[in-house]
Protein chains: 2
Amino acid sequence: MARTVIRADRMPVKDPGVERALAKLRARDVLSPEEERVFVESIAETREIAAHRQIVRAGTTLTHSILLLDGFACRYKDLADGERQIQELHIAGDYVDLHGFLLKTLDHNVGALSDVRIALVPHDALRAITEQQPHLARLLWFSTLLDAAIQRERILSIGRRNSLARIAHLICETFLRMKVAGLAGPDRYPLPITQTDIADACGLTAVHVNRMLRRLRDDGLMTFRAGEVVIHDWDGLVHLAEFDPTYLHLDRRPR
Amino acid sequence: MARTVIRADRMPVKDPGVERALAKLRARDVLSPEEERVFVESIAETREIAAHRQIVRAGTTLTHSILLLDGFACRYKDLADGERQIQELHIAGDYVDLHGFLLKTLDHNVGALSDVRIALVPHDALRAITEQQPHLARLLWFSTLLDAAIQRERILSIGRRNSLARIAHLICETFLRMKVAGLAGPDRYPLPITQTDIADACGLTAVHVNRMLRRLRDDGLMTFRAGEVVIHDWDGLVHLAEFDPTYLHLDRRPR
DNA sequence: CGACTATTTGACGCCAGTCAACACCGGTGG
DNA sequence: CCACCGGTGTTGACTGGCGTCAAATAGTCG
């Protein structure tokens, strides 16, 4: 998949990528059939983007927001000396820049960690939702609040957890999020990213991540190999990471 | 100010705390008089809370959101060993838990760093705004997106900036935010918090913060003393911290 | 095969943490 | 008036977790 492909046709209702995005919302509140229809019809087109390419560059004026249908992406920012920090890891079903709807420009880049498939949602459609579908609008708002909660937990991780717990925490969080999207097995999930990506997400170096992954493997907690995570000891991992999923707000209630 | 005081009277229109919150929104978009009125009237009551007390505890079910009218507060979380991480520093005019409106419970605590005055806004009033004032609702949504942007920048800071730049960055950011709220002088602003608080915000220890503050002072960049920050060399600070205020989205445009 | 990227491992260095002692300061009470 | 006290700030000596540098190995794609 070397270059971007544009498909101008409207989304079929049963696209599995869109289904994952709906699953994410349905896990937090009840959507009416009407709301689901509006959500699906807000999508203008889909594209495919190859791994390691930028999806959105910081600072450009935006007219669409992007829903990640397949693959892995991230929000990141670089410092002058080339140091990169991944601010959030995105899985299929995540809106990678819904906040661009109101911020108008992003203060960070969005990049594809794997080959990805995305959907473009015009800001006009989002604005119409805020004016005609207040409940659906609240759920979209909620979805940006969920990103913020995930980012807050990352602050705690990087600021106060040691390197081992930091990595374990990222693995735990991603496991639950993949489960919600219907993309995880009972004890495993695909994670086709590099150790350098994990390092950039955790504020560490790739060398140290390698050592800590080895320790997690040697201690029988988990294995990360060939783009797949296998959980050997969930309770052990949760305990090590002090992982408390409350911040993922995985409860269905009126919002 | 030893205990909480409840004032049941409705806010006067010209309360300076509310004015700061409006200034924050006006810096990003134009509000109609009608919208300003609805914003002001959404406030049910005000309270005063003493320094070092909790304002909101993680996990409790919320029926109101809290606007900080005066003083300094923070969002924070603790780990089992007692390590604390401040996830966001709040200044007067900030909504400290507007996200609680849709999350229903907070995944973190909110604490008063100084004596504070707060306003309570019922979630019912916020819901009504989403149903009757879509533009004002978008501005409230925007205000939560701004918090998220600030938190993302904190991730970059803690993950990739060294301790000196990390502290300098926090000082720069807070300076601009205080300016927007009308609370900063040309080269100084009040910051009545401890070095331990700065350490908890930056993912450092109080001892190391002390050393770095000394260095910033010795290098003629800034002074933090007796609850006040004095900027000696703004350009130098900005350069050291690689501070780029883009993420504060300080541009007035239709949202 | 050859070029390239990602992973792995070892040796060594440094930034920030830890531990400890002391200074300072406002408040409190004898 | 001063002794006391807890919270905060300051400084020095030492430690250690993670980074840096370097090199070998493994995996992948044309």
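This one's a predicted model, so the numbers in the text were calculated from it and none came from an experiment. In what follows, chains are A, B, ... by sequence order, proteins preceding strands, each numbered from 1.
- Here D:dT8 presents its C1' atom at 13 Å from CD1 of B:Ile193, a figure rounded to the nearest Å.
- Between D:dG9 and B:Asn210, no contact under 4.0 Å exists linking OP1 or OP2 to a side-chain N or O.
- With distances taken from any side-chain atom of A:Arg217 to the nucleotides D:dG9, C:dC19, C:dT8, the minimum falls on C:dT8.
- Here C:dT9 presents its P atom at 14 Å from CZ of A:Arg215, a figure rounded to the nearest Å.
- We find that A:Glu153 and B:Lys77 are joined by a salt bridge, their nearest charged nitrogen and carboxylate oxygen being less than 4.0 Å apart.
- Comparing B:Thr196 and A:Arg161 along DNA chain D, the residue whose closest nucleotide (by nearest heavy atom) sits nearer the 5' end is B:Thr196.
- Protein atom CG of A:Asn162 is 13 Å distant from nucleotide atom P of C:dG17, rounded to whole Å.
- When the nucleotides D:dT10, D:dC18, C:dG17 are ranked by their closest atom to the side chain of B:Thr205, C:dG17 comes out on top.
- Proximity of A:Arg214 to the phosphate of C:dT9: a side-chain N or O atom is located under 4.0 Å from OP1 or OP2.
- Among the protein residues, A:Gly203 comes within range of the sugar-phosphate backbone only, with heavy atoms under 4.0 Å from sugar or phosphate atoms but none that close to a base.
- The base of C:dT18 sits within donor-acceptor range of the side chain of B:Arg211, with an N or O pair under 3.5 Å.
- Closest to the side chain of A:Thr194, from the set C:dA16, C:dA6, D:dC18, is C:dA6.
- Atoms CD1 (B:Ile167) and P (C:dC15) sit 15 Å apart, rounded to a whole Å.
- Checking the phosphate oxygens (OP1, OP2) of C:dA16, a side-chain nitrogen or oxygen of B:Ser163 falls inside 4.0 Å.
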Sequence neighbours excluded and cut-off under 3.5 Å, please list the side-chain donor-acceptor pairs for residues 89-97 of chain B, or say none.
unit_1  : atom_1 : unit_2   : atom_2 : d
B:His90 : ND1    : B:Asp94  : OD2    : 3.1
B:His90 : NE2    : B:Arg75  : NE     : 2.8
B:Asp94 : OD1    : B:Lys24  : NZ     : 2.9
B:Asp94 : OD2    : B:Ile91  : N      : 3.0
B:Asp94 : OD2    : B:Arg177 : NH2    : 2.7
B:Asp97 : OD1    : B:Ile66  : N      : 2.5

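- Using cut-offs of 30° and 60° for the angle between ring planes, the A:Phe175 and A:Tyr189 rings count as parallel.
- By the 30° and 60° cut-offs, the orientation of the rings of A:Tyr247 relative to A:His169 is parallel.
- Aromatic pair A:His108/A:His99: centroids less than 6.0 angstrom apart.
- In terms of position on DNA chain D, the residue among A:Arg225 and A:Met212 whose nearest nucleotide sits closer to the 5' end is A:Met212.
- Distance, B:His208 NE2 to D:dG12 P: 15 Å, rounded to whole Å.
- The nucleotide whose nearest atom lies closest to any side-chain atom of A:Val207 is, among C:dT7, D:dA22, D:dT11, D:dA22.
- Between A:Leu113 atom CG and C:dT5 atom P the separation is 17 Å, expressed in whole Å.
- Atom P of nucleotide C:dG17 and atom CD of B:Gln195 are separated by 14 Å, given to the nearest angstrom.
- Atom CG in B:Asp197 sits about 11 Å away from atom C1' in D:dT8, given to the nearest Å.
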